[in-house]
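Written out below as structure tokens is the structure these notes cover.
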Amino acid sequence: MRISKLFTKTTKDAPADEVAKNAQLLIRAGFVYKEMAGVYAYLPLGKKVLDNIIQIIREEMDAIGGNEISLTALQPKHNWESSGRWNDEVMDVWFKTKLANGAELGLAPTHEEPLTQLMKNFISSYRDLPVYPYQFQIKFRNELRSKSGLMRGREFWMKDLYSFSRNQEEHDNFYELVSSAYDKVYDRLGIGDITYKTFASGGSFAKYSHEFQTLSDVGEDKIYVHDGRKLAINEEVYTDEVLDDLGLSRDDLVEKKAVEVGNIFTLGTKFSDALDLAYTDIDGESKKVIMGSYGIGPSRLMGLIAEHFSDDKGLVWPESIAPAKVYLVSIGSDEAISLADDLYDELMQAGIEVIYDDRDERPGAKFADAELMGIPYRVTVSDRLIVDNKFEITSRKTNMTNILTHDELLAKLS
RNA sequence: CGGGGUGUGGCGCAGUUGAUAGCGCGCUCGGUUUGGGACCGAGAGGUCGAAGGUUUGAGUCCUUUCACCCCGACCA
């Protein structure tokens, strides 16, 4: 992508009313636009990052047998009345509205009910199970207070996977499979080392659910971490009984602040009971489907990663989700520009994503933008380098610079 | 939803005891610059969040309201 074709611009100042560092940087770098409190639009570079995060999650969900779907944001109330969750006392985050004919509607805050209803069309035999539909969708939640930039919005991207299993054992196996898939997702996003599988309250059908909590000073959750076993306990279930269960003592654990970046939850028959989702087993008996739900918030992850991987110059994206791998800067004469043009074409043809700063700007401005945008490698083409047939490459993360030949540069970037 | 704070060109801000709005960034044009956010000159751009009120006169005082931010409670 050429900067000259990119409609966004960077700014030196962040909006005064935006305090969260992730939103400040993302707005300054032109990745997102704030529509209102807790509601952000994704601009070209931000959309790219979000899509990259989503793609990593998609690959890992597909790898464990997920079937990607796309459910509706508009929700008629009847499914939700079956489960009791249409009631504002039970689910207090609803955005509700009406059809022209007066019928009540809600904007989906989650999708257990509609998906359970939908699956009744496709599940009737034990042969139809297990199945694992999932989707990426904007969820709507009327939070009393949104905050922390992208990390707590009133509309936000969520990956929600649901499991439909024949029995508890089948469910438990898949539950563990999802857990390991989540580990892979966080590893690929570059936050695996600071993300802990965390014991949390389980609801009616399981003793525990599990959250994936990433350590962060801006985290809203308090967890107790055991580094050796790479697990943690959420404050809400930090009791002697739980410690006994896990064979831990308080001395082994350290209190940390963290951001919940995923959760896996055993639903049991809560929704299959409410909406009557049953199958006929091999023995001819009708049985209720055992369900689970598994969430990851791609937009929250984007905010968290922006916040975590940043410094005084701006964003520092992990290579796996950066909007491009290379920020190409040309400095000086027409000859340097022409050489940069050629390099841009060559890198793009080699499948290496490049943001080419082809503006008539001074070097300092280009360098500053490369750093603010957090592109992993900055490649410079300039008159002083041309003389020796060399290119300069600088790592955003380490700030190390190498002067390379054309072939060395391509080898390094491939 | 309780407590606190803030709304003035696109962004960041100033505006005194009330007298019809100014600075920096950005933007446009001209020129000079070109390895760390250049400089000089000339310009454009604001019914001061909204509504009502007090006053000869309101960005400034009063009332109402909306929005945003922070702390708390709640929540992926």
Once you round it to whole Å, what is the distance between [atom2] of [N] and [atom1] of [X]?
| X | N | atom1 | atom2 | result |
| --- | --- | --- | --- | --- |
| A:M151 | B:rC75 | CE | C1' | 14 Å |
| A:K147 | B:rG3 | NZ | C1' | 15 Å |
| A:I27 | B:rC69 | CD1 | P | 10 Å |
| A:K222 | B:rC75 | NZ | P | 16 Å |
| A:F7 | B:rG10 | CZ | P | 18 Å |
| A:I223 | B:rA76 | CD1 | P | 16 Å |
| A:Q24 | B:rC69 | CD | P | 12 Å |
| A:R152 | B:rC70 | CZ | P | 12 Å |

Between [options], spot the one nearest the side chain of [X], thanks.
| X | options | answer |
| --- | --- | --- |
| A:E143 | B:rC27, B:rC11, B:rC75 | B:rC75 |
| A:R300 | B:rC69, B:rC74, B:rA76 | B:rA76 |
| A:A37 | B:rC71, B:rG24, B:rC69 | B:rC69 |
| A:E260 | B:rC11, B:rC68, B:rA76 | B:rA76 |

State the pairing partner of [N]; accept Watson-Crick or G-U wobble contacts with both distances under 3.5 Å, and report none otherwise.
| N | result |
| --- | --- |
| B:rA67 | B:rU6 |
| B:rA21 | none |
| B:rC39 | B:rG31 |
| B:rU60 | none |

| Would you call the rings of A:W94 and A:W80 parallel, tilted or perpendicular, where under 30° means parallel and over 60° means perpendicular? | perpendicular
| Would you call the rings of A:F199 and A:Y208 parallel, tilted or perpendicular, where under 30° means parallel and over 60° means perpendicular? | perpendicular
On a whole-Å scale, what distance lies between the [atom1] atoms belonging to [N] and [M]?
| N | M | atom1 | value |
| --- | --- | --- | --- |
| B:rC39 | B:rA58 | P | 41 Å |
| B:rU6 | B:rA76 | P | 34 Å |
| B:rG5 | B:rC48 | P | 24 Å |
| B:rC1 | B:rG37 | P | 50 Å |
| B:rU17 | B:rG36 | C1' | 48 Å |
| B:rU16 | B:rU20 | P | 12 Å |
| B:rU8 | B:rC68 | P | 14 Å |
| B:rU64 | B:rA21 | P | 30 Å |

| Given side chains that start at C-beta, do those of A:D172 and A:E176 come closer than 4.5 Å, heavy atoms only? | no
| message | I'd like to check A:T380 versus A:T394 (side-chain heavy atoms, cut-off strictly below 4.5 Å). Are they in contact? | response | no
| said: So if I take residues 153-164 of chain A and measure heavy-atom distances to RNA chain B, which residues fall below 4.0 Å? | reply: A:G153, A:F156
So how far is it from [X] [atom1] to [Y] [atom2], rounded to the nearest 0.5 Å?
| X | Y | atom1 | atom2 | result |
| --- | --- | --- | --- | --- |
| A:T97 | A:L105 | OG1 | CG | 6.5 Å |
| A:D358 | A:D341 | CG | CG | 7.5 Å |
| A:R384 | A:I331 | CZ | CD1 | 7.5 Å |

| task | Measure from the side-chain N and O atoms of A:Y182 to the backbone N and O of A:Y294, and report whether any donor-acceptor pair falls under 3.5 Å. | result | yes
| message | Please check: side-chain N/O of A:R152 versus main-chain N/O of A:E143, any donor-acceptor pairing under 3.5 Å? | response |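 Judged by distance alone, no pair lies under 3.5 Å.
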| task | Please determine if A:R58 forms a cation-pi arrangement with A:Y134, meaning its NZ or CZ atom is less than 6.0 Å from the six-membered ring centre and no more than 45° off the ring axis. | result |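 No, a cation-pi geometry is absent between A:R58 and A:Y134.
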| task | Do nucleotides 32-37 of chain B as a string where each nucleotide becomes B, S or -: B if the base has a protein heavy atom under 4.0 Å, S if just the sugar-phosphate does, - if no protein is that close. | result | -BSBBB
| Can you tell me if the side-chain N/O atoms of A:R145 get under 4.0 Å from OP1 or OP2 in B:rC70? | yes
| query | Does A:K139 put a side-chain nitrogen or oxygen below 4.0 Å from OP1 or OP2 of B:rC75? | reply | no
| said: Using a strict threshold of under 4.0 Å (side-chain N to carboxylate O), is an ion pair present between A:K207 and A:D245? | reply: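 Looking at A:K207 together with A:D245, the answer is yes, because their closest N to O distance falls below 4.0 Å.
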| query | Hey, which of A:V326, A:L339, A:V354 is the one that makes side chain to side chain contact (heavy atoms under 4.5 Å, CB included) with A:Y344? | reply | A:V354
| task | Indicate, with a heavy-atom threshold strictly under 4.0 Å, whether A:E220 touches base, sugar-phosphate, or nothing. | result |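 The answer is base, as A:E220 lies within the cut-off (heavy atoms under 4.0 Å) of a base atom.
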| request: Mind checking A:V93 for me? I need base, sugar-phosphate or nothing, with any heavy atom below 4.0 Å counting as a touch. | output: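 Result for A:V93 = nothing.
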| Earlier contact from the 5' end, RNA chain B, for A:N263 and A:D17 | A:D17
